[in-house]
Amino acid sequence: MLGGGGVAGIAWETGILTGLADAGVDVTDAELTIGTSAGSTVAAQLGSGLPLEELFRRQADPAAHNRELAPTGAGGAEFLDTLARLMAETADPAELRRRVGALALAADTVPEPVRRAVIANRLPSTAWPDRALIVAVDAATGEPRIFGPDSGVDLVDAVAASCAIPCVWPPVTIGDARYVDGGVRSMANVDLAAGCERALVIAPITDDALWEPVEGCRMEIVTPDEQTLAAFEPDPLDPATRTPAARAGRAQGRRCAGQVAAFWA
């Protein structure tokens with residue numbers, strides 16, 4: 001399971017996976033990958049057929065970076081602050097998601113096609129990976145939507161929806177609905193692992209839901225260490241964080257490989 005965390009999160013998750021592989025722990029052969037926000041991008045990239053080393057180079061080498069937009073409205077930290085305030089005011093999770101969705105629908109952001117082009121440029125392939133699910137949230141109803149290869153939804157649209165941070169990027173139109181970031185429900189949506197025997201969770205940003213047990217499922221959770229957190233500064237949505245976050249992730253992946261190997265064996 002791959003959680004949300006902005007462009008820094010994409011780079012860090014790619015680094016973690018590459019660092020694990022460096023140490024002989026290849027977890028990219030998982031039976032299922034569930035991606036939320038940044039994690040949806042990584043899930044799609046993993047399914048493109050490009051080797052991990054090339055995916056890492058595209059994050060770590062500035063010369064290989066795809067064009068990203070710097071946020072012109074709220075930044076990642078500002079949105080998290082807004083979300084924390086709304087959580088303190090709203091006890092019902094579904095109502096919270098609706099309130100966040102309403103803010104997103106009213107926000108002044110870049111046009112939807114402009115943002116979609118950025119997402120398309122992130123993906124080496126637009127073909128759906130066979131073993132990937134992507135999480136987004138209906139902005140009007142607050143209900144989660146799980147997109148997959150059989151959903152009939154274009155992969156670029158699904159990833160764009162999952163990455164549509166409210167008040168930062170525009171909600172994404174799919175059919176008759178508009179969708180916002182899957183992280184509005186939970187930063188990693190670990191409860192979707194219900195029914196799985198085990199799940200490796202790589203989560204750039206944590207929330208309380210990350211630590212909730214999932215019945216019948218053993219979990220190993222990898223979160224950023226101090227070096228990674230420093231690499232995410234000043235804002236995980238800042239494209240300049242990609243190189244330091246990727247390198248920090250690769251180093252952390254090597255360090256935590258023994259622990260992950262014992263779980264993955």
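For the single chain, residues carry numbers from 1 onward in sequence order. Just so you know, these numbers come straight off a predicted model, no measurement behind them.
- Arg178 contributes a side-chain N or O that, together with a main-chain N or O of Pro171, makes up a donor-acceptor pair within less than 3.5 Å.
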*Verdict with supporting geometry, Leu2 and Thr33, side chain to side chain contact (heavy atoms under 4.5 Å, CB included)*: CA-CA 7 Å; Leu2 301 169; Thr33 303; 3.7 Å; yes
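- Residue Ser40 comes nearest to Ile134 through the heavy atom pair CB-CG2, 3.7 Å, listed as atom of the first residue, atom of the second, then distance.
- Comment: Arg99 does not engage Glu95 in a salt bridge, judged by the lack of any side-chain N to carboxylate O separation of less than 4.0 angstrom.
- Between Asn121 and Asn66 the shortest heavy-atom distance is O-CB, 3.9 Å.
- Ile174 and Val137 are assigned to two separate hydrophobic clusters, defined by single-linkage of ILVMFWY side chains at heavy-atom distances under 4.5 Å.
- Leu69 and Val118 get closest at one heavy-atom pair: CG-CG2, 3.7 Å.
- The two atoms that bring Phe232 and Pro224 nearest to each other are CE2-CG, 4.2 Å, heavy atoms only.
- Ile221 and Leu192 fall within the same hydrophobic cluster, where Ile, Leu, Val, Met, Phe, Trp and Tyr residues are linked whenever their side-chain heavy atoms come under 4.5 Å apart, directly or through other members.
- In this structure, Thr36 contributes its side chain and Gly4 its backbone to no donor-acceptor pair below 3.5 Å.
- Atom-to-atom distance recorded for Thr141:OG1 and Tyr179:OH is 7.5 Å, nearest 0.5 angstrom.
- Clustering ILVMFWY residues whenever any of their side-chain heavy atoms sit less than 4.5 angstrom apart, transitively, puts Val172 in a cluster other than the one holding Val180.
- Taking SG of Cys256 as the start and CD1 of Ile202 as the end, the distance is 8.0 Å to the nearest 0.5 Å.
- Remark: the Thr228 side chain and the Asp225 side chain contain an N/O donor-acceptor pair separated by less than 3.5 Å.
- Looking at Arg115 and Cys163, their side chains come closer than 4.5 Å, going by heavy atoms from C-beta outward.
- For the pair Arg98 and Glu143, the salt-bridge criterion is not met [side-chain N within less than 4.0 Å of a carboxylate O].
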_With salt bridge (Lys or Arg N to Asp or Glu O under 4.0 Å) as the criterion, how do Glu53 and Arg57 come out once you've worked through the C-alpha distance, each side chain's angles and the decisive distance to 0.1 Å?_
CA-CA 6 Å; Glu53 193 64 49; Arg57 186 184 72 85; over 6 Å; no
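- The closest side-chain donor-acceptor pair between Thr173 and Glu112 falls under 3.5 angstrom.
- The 12-atom threshold is exceeded at CD of Glu89, counting heavy atoms of other residues, nucleotides or ligands nearer than 6.0 Å.
- Annotation: cation-pi geometry satisfied between Arg198 and Trp264 (NZ/CZ under 6.0 angstrom from ring centroid, within 45° of ring axis).
- Separating the OG1 atom in Thr18 from the CG atom in Leu52 is a distance of 4.5 Å, to the nearest 0.5 Å.
- In this structure a side-chain-to-backbone donor-acceptor pair under 3.5 Å is present from Arg97 to Gly142.
- The minimum heavy-atom distance linking Gly253 with Leu20 is given by the pair O-CD2, 3.4 Å.
- When atom types are taken as modelled, the side chain of Ser162 and the backbone of Ala158 share no donor-acceptor pair closer than 3.5 angstrom.
- With values rounded to the nearest 0.5 angstrom, Asn189 atom CG is found 11.0 Å from Leu133 atom CG.
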*Test side chain to side chain contact (heavy atoms under 4.5 Å, CB included) on Met187 and Leu210 and set out the steps.*
CA-CA 7 Å; Met187 293 307 296; Leu210 180 64; over 6 Å; no
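- Cluster membership check: Ile146 shares its hydrophobic cluster with Leu32, using side-chain heavy-atom separations under 4.5 Å among Ile, Leu, Val, Met, Phe, Trp and Tyr.
- At a threshold of 4.0 Å, the pair Asp138-Arg185 does not count as salt-bridged, since none of the basic side-chain nitrogens sits closer than that to a carboxylate oxygen.
- Residues Gln227 and Arg255 bring a donor and an acceptor atom of their side chains to less than 3.5 Å of each other.
- Cluster annotation: Val114 and Leu237 are assigned to the same hydrophobic cluster (Ile/Leu/Val/Met/Phe/Trp/Tyr, side-chain heavy-atom contacts under 4.5 Å, transitive).
- Side-chain atoms of Pro166 and Leu103, non-hydrogen and from C-beta on, never get closer than 4.5 Å to each other.
- For the 3.5 Å distance criterion, the side chains of Trp169 and Thr109 fail to qualify, holding no donor opposite an acceptor.
- Thr223 is not listed as a side-chain neighbour of Pro204, based on a closest heavy-atom distance of 4.5 Å or more.
- At least one side-chain heavy atom of Val222 sits under 4.5 Å from a side-chain heavy atom of Trp12.
- Here the CZ-OG1 distance, from Arg247 to Thr243, works out to 5.5 Å after rounding to the nearest 0.5 Å.
- The shortest side-chain heavy-atom distance between Val110 and Pro170 falls under the 4.5 Å cut-off.
- The pair Arg116-Asp154 meets the salt-bridge criterion, since a charged nitrogen lies less than 4.0 angstrom from a carboxylate oxygen.
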*Working for side chain to side chain contact (heavy atoms under 4.5 Å, CB included), residues Gln259 and Glu220*: CA-CA 9 Å; Gln259 181 179 346; Glu220 179 70 25; 2.4 Å; yes
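- No donor-acceptor pair under 3.5 Å is formed between the side chain of Asp208 and the backbone N or O of Trp211.
- Here the side chains of Ser186 and Asp207 are in contact, with some heavy-atom distance below 4.5 Å.
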_Verdict with reasoning, Ile34 to Val135, per side chain to side chain contact (heavy atoms under 4.5 Å, CB included)_ = CA-CA 8 Å; Ile34 300 175; Val135 187; 3.9 Å; yes
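- No donor-acceptor distance shorter than 3.5 angstrom exists from the side chain of Thr90 to the backbone of Asp92, with no hydrogens or angles considered.
- Under the 4.5 Å side-chain criterion, counting only non-hydrogen atoms from C-beta, Val190 is in contact with Met219.
- Of all heavy-atom pairs between Ala257 and Ala23, the closest is CB-CB, 3.3 Å.
- Side-chain atoms of Leu46 and Leu55, non-hydrogen and from C-beta on, do get closer than 4.5 Å to each other.
- A side-chain donor-acceptor contact under 3.5 Å links Glu13 to the backbone of Gly3.
- Checked by atom type and distance alone, the side chain of Gln45 pairs as donor or acceptor with a backbone atom of Arg122 at under 3.5 Å.
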